[in-house]
Colleague: 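One structure, pasted below without further comment.
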Amino acid sequence: MQAQEPVDSQIQAIRRDADVISARQMGRRLAEDMGFGRPDQALIATAISELARNIVVYAGYGEIEVSVVRQGHRQGLRIVARDRGPGIADLGSALADGYSTGNSLGLGLPGTRRIVDDFDIRSTPGEGVEVTAVKWRRQ
Amino acid sequence: MAVTVPILRQGSVLIASIQEDLCDSDILNLQSRILEDVIKCRAKAVIIDVSAIGVLDSFGTKTLTEIAYSVKMRGAETVIVGIQPDVALSMVLLGLTLRDIPTALDLDHGLALIGGS
């Protein structure tokens, strides 16, 4: 079942590492407003941190959008990370633990996928990356 | 705006008390200052208090690990104190560990772990 179109969307442009902090604060605030518990707020902030850093490191410029989505009776927080950077040639490797083309632990994408409920990544080499992640609120 | 984390000296122990969430360049700045101070003060131990931090992601954890290993090369030890429960849970789920790096509940327990000041 497709989630309904989001409401209350907020966007943070990501250009430098300080924007990573602004993006995760934006996400945490929305999570708190939506009634997520503190552990889920931390997971959402952490997921945004990883996705926003990927933008700074690999694309240089992009944005993080957070919004409320509804599916039937349940409500979720959706994170979309978009950039128009070089894209990811090998999505399978990028999602594997410990794989990195940068100087990192290689846990950003696979780790983020583990801490959210729904995860989707699309990339066309040369045209950028779009990652969509949703955390559903526990009933 | 850049955040400079205060590093206090108590005897042969350095205490870096992080007051707010740091961006990557602030964390790297802290890393180089701790390593300089360990040499300058001939410190035997470094305590990094992260209790005010709401997110420790892969970069933050990697850098803390690098600090601890570099300090060890100097013959000193590092204790990370005050990881908040929610932060700890996120780290574990993300797949992050602080392998071989001592951790403690808070500053007092950290000081006790390294044998007082």
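Just so it is clear, the model here is predicted, and its values are computed rather than measured. Letters go in sequence order (proteins before strands), and every chain restarts at 1.
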Colleague: Testing the basics here: between B:Leu94 and A:Gly111, what is the closest heavy-atom pair and its distance to 0.1 Å?
Modeller: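 Heavy atoms only, the tightest pair is CD1-C, 3.2 Å.
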Colleague: State plainly whether one hydrophobic cluster holds both A:Val131 and A:Tyr99, where clusters connect Ile, Leu, Val, Met, Phe, Trp and Tyr through side-chain heavy atoms under 4.5 angstrom apart.
Modeller: no
Colleague: Please classify the contact between A:Ile21 and chain B as side chain, backbone, both or neither, with a heavy-atom cut-off of under 4.5 Å.
Modeller: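 It is the side chain, since no backbone atom gets that close.
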Colleague: Testing the basics here: between A:Ala42 and B:Asp86, what is the closest heavy-atom pair and its distance to 0.1 Å?
Modeller: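 Here A:Ala42 and B:Asp86 meet closest at CB-CB, 3.7 Å.
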Colleague: Sort out for me which of A:Gly37, A:Ala47, A:Pro39, A:Gly108 touches chain B most, counting heavy-atom pairs under 4.5 Å.
Modeller: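 That would be A:Pro39.
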Colleague: Could you pull out the closest heavy-atom pair between A:Arg53 and B:Asp24, with the gap in Å?
Modeller: NE-OD2, 2.5 Å
Colleague: Given the rule that I, L, V, M, F, W and Y join up when any side-chain heavy atoms are under 4.5 Å apart, are A:Val80 and A:Phe36 in one cluster?
Modeller: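 Different hydrophobic clusters.
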Colleague: Is A:Arg113 in contact with chain B via its backbone, its side chain, both, or neither, using a 4.5 Å heavy-atom distance?
Modeller: neither
Colleague: Do the side chains of A:Val116 and A:Met34 join up, straight or via other hydrophobic residues, at under 4.5 Å, putting them in one cluster?
Modeller: yes
Colleague: Backbone N or O of B:Ser58 within a donor-acceptor pair of the A:Glu50 side chain at under 3.5 Å?
Modeller: yes
Colleague: Should we say atom CZ of A:Arg122 is surrounded by more than 12 heavy atoms from elsewhere, each under 6.0 Å from it?
Modeller: no
Colleague: Let me know if A:Arg38 has heavy atoms under 4.5 Å from chain B in its side chain, its backbone, both or neither.
Modeller: both
Colleague: Minimum heavy-atom separation for A:Ala45 to B:Val55, with atom names?
Modeller: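 Answer, listing the atom of A:Ala45 first, then B:Val55: CB-CG2, 3.5 Å.
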Colleague: Return yes when atom CZ of A:Arg137 has more than 12 non-hydrogen atoms of other residues, nucleotides or ligands closer than 6.0 Å, and no otherwise.
Modeller: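 Yes - once you tally the heavy atoms of other residues, nucleotides and ligands closer than 6.0 Å, there are more than 12.
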Colleague: Find out whether B:Asp57 and A:Arg24 are in side-chain contact, i.e. whether some heavy atom of one side chain is under 4.5 Å from a heavy atom of the other.
Modeller: yes
Colleague: Side-chain heavy atoms nearer than 4.5 Å, only ILVMFWY residues, links allowed to pass through others: does that put B:Leu56 and B:Leu28 together?
Modeller: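 They do share one cluster, since a chain of ILVMFWY contacts under 4.5 Å joins B:Leu56 to B:Leu28.
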Colleague: Treat each ILVMFWY residue as a node, draw an edge where side-chain heavy atoms are under 4.5 Å apart, and state whether B:Ile101 and B:Leu105 are in one component.
Modeller: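 No, separate clusters.
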Colleague: Measure the CG-CG distance between B:Asp26 and A:Asp17 for me, rounded to the nearest 0.5 Å.
Modeller: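 Reported to 0.5 Å precision, the distance equals 7.0 Å.
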